[in-house]
Amino acid sequence: RPAVLRLPYAKKQPRPLSPPMTVDPELLTGLGAALAVFLTAAGSAIACAPSGIFALRGDDWRNFVPVVQGGVLSVYGVVVGVLLCGKLNSEMTTVDGYRNLSGGLAVGLASWASGYGMALFIRQLNEGKADSKSYAVSEAGDSARSEAEEPLLSGSGGQVAPPNYKKLILVMIFLEAIGFYGLIVALVLIGL
């Protein structure tokens with residue numbers, strides 16, 4: 001038997017401890033559906049808590065608009081979750097699984113951010129800190145308060161007056177749009 005020359009600088013090939021791991025696209029799709037529902041529900045809950053306080057403190061039915069808009073965020077997650085669950089029994093590649101996971105994360109995180117923004121805004125209304133402090137610049141160059149401006153909340157001290165509903169709803173629409181953009185991105189990612 002011939003002698004085997006072993007050189008000290010020769011590296012041995014490591015043996016794999018386990019077989020190579022494969023990624024299951026159905027697992028990724030299921031995770032995308034679960035994260036879509038969970039994160040949008042979290043964003044909705046974050047938005048609805050201070051919105052509910054705002055609605056209960058007022059006498060007008062329009063005070064419930066922020067609660068409804070916060071609740072719509074969770075609908076985005078249900079839509080994407082149901083669409084992703086419908087894909088579970090079909091043939092998918094690993095790339096499809098990652099796209100489905102990314103779609104669930106897109107709608108979930110966007111709706112969570114939207115709900116967080118709504119909560120911050122409504123919390124300011126609840127605390128009476130949303131008085132308009134913007135000033136228009138006149139032609140002479142000095143700052144003067146515009147007569148057309150109306151504060152979102154009027155009143156002073158601990159008394160909170162009814163909000164300007166046009167401004168309130170406009171701000172809430174733009175905050176809601178963040179979650180809607182996540183829904184659009186999710187639908188594109190999952191291939192609809």
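Counting from 1, the numbers follow the sequence of the chain as shown. These numbers were taken from a predicted model, which means no experiment stands behind them.
- Note on residues 60-81: pairs passing salt bridge (Lys or Arg N to Asp or Glu O under 4.0 Å), not counting sequence neighbours, are D60-R62.
- Counting only residues at least two apart or on different chains, the side chain to side chain donor-acceptor pair (under 3.5 Å) pairs with a member in residues 28-37 are T29-N100.
- V65 shares a hydrophobic cluster with I169, I173; the chain of contacts runs through ILVMFWY side chains whose heavy atoms sit under 4.5 Å apart.
- Transitive grouping of hydrophobic side chains (ILVMFWY, heavy atoms separated by less than 4.5 Å) keeps L56 and I53 in distinct clusters.
- W112 belongs to a hydrophobic cluster whose remaining members, ordered by chain and number, are I46, Y116, L120; membership requires side-chain heavy atoms of ILVMFWY residues under 4.5 Å apart, directly or through intermediates.
- Counting only residues at least two apart or in different chains, side chain to side chain donor-acceptor pair (under 3.5 Å) contacts with residues 168-187 comprise Y76-E176.
- Legend: residues meeting salt bridge (Lys or Arg N to Asp or Glu O under 4.0 Å) with R123, ordered by chain and number and at least two apart, are absent.
- With hydrophobic clusters built from ILVMFWY side chains whose heavy atoms lie under 4.5 angstrom apart, V75 shares a cluster with V107.
- Using a 4.5 Å cut-off between side-chain heavy atoms of Ile, Leu, Val, Met, Phe, Trp and Tyr, F174 falls into a hydrophobic cluster with L170.
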Side-chain donor/acceptor pairs under 3.5 Å, residues 31-45, sequence neighbours excluded:
unit_1, atom_1, unit_2, atom_2, d
T40, OG1, A36, O, 2.6
T40, OG1, V37, O, 3.2
S44, OG, G70, O, 2.8

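- If you chain together hydrophobic residues whose side chains sit under 4.5 Å apart, V171 and M118 fall into the same group.
- A continuous path of Ile, Leu, Val, Met, Phe, Trp and Tyr side chains, each step under 4.5 Å between heavy atoms, connects V23 with L105, placing both in one hydrophobic cluster.
- Proximity of a side-chain donor or acceptor of N126 to a complementary backbone N or O of P50 within less than 3.5 Å is detected.
- Taking all atoms of both residues into account, the shortest heavy-atom contact from I178 to S114 is CB-CB, 4.0 Å.
- The shortest side-chain heavy-atom distance between N63 and R57 does not fall under the 4.5 Å cut-off.
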For this session: For side chain to side chain contact (heavy atoms under 4.5 Å, CB included), just list the numbers for L28 and M92, CA-CA rounded to whole Å, side-chain angles, deciding distance to a tenth of an Å, and then say yes or no.
Result: CA-CA 10 Å; L28 296 174; M92 286 185 286; over 6 Å; no

N/O donor to acceptor pairs below 3.5 angstrom from side-chain atoms of residues 183-192, sequence neighbours left out:
none

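- Summarising the geometry of C48 relative to G71, their closest heavy-atom pair is SG-N, 3.7 Å, with the distance given to 0.1 Å.
- Within the 4.5 Å cutoff, the side chain of F121 has heavy atoms near those of the L168 side chain.
- When the side chain to side chain donor-acceptor pair (under 3.5 Å) test is applied to T93, the partners found at least two apart in sequence or on another chain are D96.
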All N/O donor-acceptor pairs, side-chain side in residues 77-85, below 3.5 Å, sequence neighbours left out:
none

